Structure formats: structure tokens, C-alpha cells
Amino acid sequence: MSERGRGRRGRYPLRLRRGSVSWERQKPSWREARPALIAEALTEARARPSGNWYVIGASRDVRPGRPLGRTVAGVELVVWRDESGQLVAGPGACPHLGAPLKDGRVHCGTLICHWHGLALDGGPFAGWEPVPAHDDGVLAWVRLDRAGGESPLDRPVVPPRPEAAGSVDAVYTGFGVCEPEDVVANRLDPWHGAWLHPYSFVDLTVLSTPAEDGEGFAVDVSFKVAGRVVVPVRAVFTAPEPRTVVMRITEGEGRGSVVETHATPLGHDDRGRPRTAVVEAVVAASDRPGFTAARTAAPALRPLMRAVAGRLWRDDLAYAERRWQLRSTGRFPG
């Protein structure tokens, strides 16, 4: 992004890309994307505390009156809302005879097992013990101290976001055969953007790395709209905890908007391979007058936002899965 482009915004967010080159003629980025640099950023992220908190999905996925089943780090869980709307979580098997509590019913905030009617109000009962849960307004979290093995924190490490009243959020969830570190490593490699996702990103330049400024990866990039029409921004990628990478727009259209990528280990499949959920929260904000209308249309916008994220993650999960495959067979060059 030019100094002039960063200094002031035009009346409209779109720009006409000048001097564009075809995909194969863009500047190669492999020399700058040094494996050691990405590995160092990954090591630093993994050293940060998570407090044993794991994202299980979007807050709105846990609906009043309906239990939700999840498996995190091999632990079967059930999640629901009590009568006050607070999140409740605990083992997913009924302590009586092991019925799947996700198939039970919630009545007045109490989860009732559909096999024999054992009722759970969220407190310890009949051998069932709740686990800490947290709803940050966009995402739902659980704390699993045995699986995490860290010193627990009272609350998860939630990065700053735009105010809810002035933003639109959408949450995408995808699944891959890999470990959380492979997802995080993908996000800590911004150099691949214009090569792997040419349908979305062009003119990508990495301006600085954590090794240079102690912060994150600062990137100038243009989001492709159609043809030569683009939206240029500056973004910074940081990893506030081991399983999270945040992209924050710091200059240009949508300044302050964030994309949070959370990697949650699920367990192993029937072939013994690790499975990981990618839960990505997009929280978009803008001070343009027209954004008020966009917020009003949020229910219609969310499927579109999820579709855009899903297209990107089809490629990025292939990257993460390939990385795990090479690591697991001792062939990873990084």
C-alpha cells in the first residue's frame, strides 16, 4: 500500500489495480518465507499460555433448549444453556448407563437424559462433573485441565475485537487430518497468500516479521473483488496463544476488523490420525455510513462470509494436512 493510500481513504473502498501481473509472473516468495522463521514464530506461539481453554464453536451454535455434542482432545462433551442463558459443559456420557447426553432434551435449563430421565442442572450430580465453560459473545469455549496440562486461567485468552454493536461476525468451522500446530503454521506463513489463493489475494508484500519488530507479521495485500477491482489493506498477524492466530486490519478499509483462527484438537480417527477443527471467527467493522445497513442484514451476510472463509480453508487445510503428513513420516523439510 502506498504512503498516499495509507494516508487517506477514498470515497469508495474499491481501487482499480494498476500494473497487474499474471499469477505466474508475480514475484516468488519462497526465499522470504524461510522455514526457520516460520518455525520460530510457531515455537513462540506454542510457548504462550492458553490456560487449557479450547474453542468448541460459535456461541450461536449453542441454542437455548438444545444440547450440543462435541469431542475435544479425545474428551466427549455436552454443552447447553441453563435457564439464565449461561453456558454449561461437562462429560457427554450419562453417568447412569452411558447414554449420549447430546441426544437428550433441555427443559427450563435442565438437561434430561432421553434413556432414563436423569436430570442435570449444571452442577455435580450422580458422578457427573461440569467443566468450566465460557461464552465470549462470538465463540464458545471449554476448559479441559487434564488435556491441556497447563496452569488454568479463569478466562480464555480472547483477543480485542470491534464492539459488537458496530460489527458483523460470522464463524466458519472446518475439519482436517492434522494437528493444531499445522493450522497455526499455515497462518504464520503469510507469504503463501497470493500464490495459494489467487482468487482472493493479490499484490501481497510482507513488510515485517516478529523477529524484526517483536510484534507479528505485517502485510500489505489487496482483496480481489472482480477483475482489476481490489480493496487494499494492511494487516498484522499475531498468535496470542498456542492454538490461535489473529489477523487484524490496521490500515485501509475495515480498519480494526479481525479474523481469528482457532485450532482445536478433536482426537484420532479410526486409522489413528489426528483430527483438528478450524474455528474461524470473522468480526468485520467499518465506519462508513453504509455499514449500518450491512449490520441490519447480518443474518443474510453470515452465510456469505462463511462461504468465503470455507473456500480459503479448502486450500489452507490441504496445506495443513500435507504438513502433518510430511512431519509424521519424517519428510518435512522445515
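Residue numbers run from 1 in the order of the sequence given. What you are looking at is a predicted structure, and each value in this text was computed from that prediction instead of being measured.
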Quick check against the 3.5 Å criterion: does [X] have a side-chain atom that pairs as donor or acceptor with the backbone of [Y]?
{"X": "Arg302", "Y": "Asp169", "value": "yes"}
{"X": "Arg17", "Y": "Val229", "value": "no"}
{"X": "Thr110", "Y": "Val106", "value": "no"}
{"X": "Arg70", "Y": "Ile56", "value": "yes"}
{"X": "Ser328", "Y": "Gln325", "value": "yes"}
{"X": "Ser257", "Y": "Gly254", "value": "yes"}
{"X": "Arg143", "Y": "Leu153", "value": "yes"}

Query - Result of checking Leu87, Val62, Val79 against Asp135 for side chain to side chain contact (heavy atoms under 4.5 Å, CB included) - result: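 Among Leu87, Val62, Val79, the one that satisfies the side chain to side chain contact (heavy atoms under 4.5 Å, CB included) with Asp135 is Leu87.
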Requested in this report: Establish, yes or no, whether a centroid distance under 6.0 Å links the rings of Trp23 and Trp195.
Outcome: yes
Query raised in the report: Between Trp324 and Phe332, is the ring centre distance below 6.0 Å?
Result: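 Not close enough - the centres of the two rings lie 6.0 Å or further apart.
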Requested in this report: Report the residue from Glu24, Arg25, Gln26 that forms a side-chain hydrogen bond (donor to acceptor under 3.5 Å, both in side chains) with Ser22.
Outcome: Glu24
Requested in this report: Quick one: do Leu204 and Asp220 satisfy side-chain contact (heavy atoms from CB on, under 4.5 Å)? Show the steps, please.
Outcome: CA-CA 6 Å; Leu204 188 151; Asp220 275 353; over 6 Å; no
With distance as the sole criterion, is a donor-acceptor pair present between the side chains of [X] and [Y] under 3.5 Å?
{"X": "His192", "Y": "Asp315", "answer": "no"}
{"X": "Glu150", "Y": "Ser50", "answer": "yes"}
{"X": "Glu40", "Y": "Thr43", "answer": "no"}
{"X": "Asp189", "Y": "Tyr319", "answer": "yes"}
{"X": "Ser286", "Y": "Arg288", "answer": "no"}
{"X": "Thr71", "Y": "Glu76", "answer": "no"}
{"X": "Arg187", "Y": "Thr261", "answer": "yes"}
{"X": "Arg243", "Y": "Thr264", "answer": "no"}

So [Y] and [X], do their side chains get closer than 4.5 Å, heavy atoms only?
{"X": "Arg234", "Y": "Leu207", "value": "yes"}
{"X": "Glu44", "Y": "Arg48", "value": "yes"}
{"X": "Pro210", "Y": "Phe217", "value": "yes"}
{"X": "Asp136", "Y": "Arg161", "value": "yes"}
{"X": "Leu317", "Y": "Val177", "value": "no"}
{"X": "Val230", "Y": "Phe223", "value": "no"}
{"X": "Pro130", "Y": "Pro124", "value": "yes"}
{"X": "Met247", "Y": "Val282", "value": "no"}

Query - Steps toward side-chain contact (heavy atoms from CB on, under 4.5 Å) verdict (Thr173, Val278) - result: CA-CA 5 Å; Thr173 301; Val278 174; over 6 Å; no
Report task. Go through the steps to decide whether Glu280 and Arg306 satisfy the test salt bridge (charged side-chain N to carboxylate O under 4.0 Å, His left out), and finish with yes or no. Result -> CA-CA 9 Å; Glu280 186 162 274; Arg306 286 194 295 268; over 6 Å; no
Report task. Please report the closest heavy-atom contact between Pro299 and Pro303, naming both atoms and the distance. Result -> O-CD, 3.2 Å
Report summary line: Closest non-hydrogen contact found for Val246 with Pro159 is CG2-CG, 3.6 Å
For atom [atom1] of [X], is the number of surrounding heavy atoms from other residues, nucleotides or ligands below 6.0 Å larger than 12?
{"X": "His107", "atom1": "NE2", "result": "no"}
{"X": "Asp269", "atom1": "CG", "result": "yes"}
{"X": "Arg255", "atom1": "CZ", "result": "no"}
{"X": "Glu129", "atom1": "CD", "result": "yes"}

Requested in this report: Over 60° means perpendicular and under 30° means parallel, so classify the ring planes of His262 and Trp141, tilted if in between.
Outcome: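 Rings of Trp141 and His262: perpendicular, as their planes differ by over 60°.
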Query raised in the report: Which class fits the ring pair His134 and Trp53: parallel under 30°, tilted 30 to 60°, perpendicular over 60°?
Result: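 Ring orientation of His134 relative to Trp53: perpendicular.
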Query raised in the report: Would Asp182 and Arg323 pass as an ion pair if we require N to O under 4.0 Å?
Result: yes
Query raised in the report: Do the charged groups of Asp203 and Arg18 touch, with an N to O distance under 4.0 Å?
Result: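 Salt bridge between Asp203 and Arg18, a charged N being under 4.0 Å from a carboxylate O: no.
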Report task. Start with the C-alpha distance between Trp80 and Leu68, add both sets of side-chain angles, then the distance that settles side-chain contact (heavy atoms from CB on, under 4.5 Å), and finish with yes or no. Result -> CA-CA 6 Å; Trp80 76 95; Leu68 179 72; over 6 Å; no
Requested in this report: Given side-chain contact (heavy atoms from CB on, under 4.5 Å), test Leu42 with Val184 step by step and report yes or no.
Outcome: CA-CA 7 Å; Leu42 178 61; Val184 173; 3.7 Å; yes
Query - Cluster check Val245, Val183: I/L/V/M/F/W/Y, side chain < 4.5 angstrom - result: no
Query raised in the report: Rounded to the nearest 0.5 Å, what separation is found between the CG atom of Leu111 and the SG atom of Cys94?
Result: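 Between atom CG of Leu111 and atom SG of Cys94 there are 9.0 Å.
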Report summary line: Rounded to the nearest 0.5 angstrom, the CG-NE2 distance for Leu118 and His96 is 7.5 Å
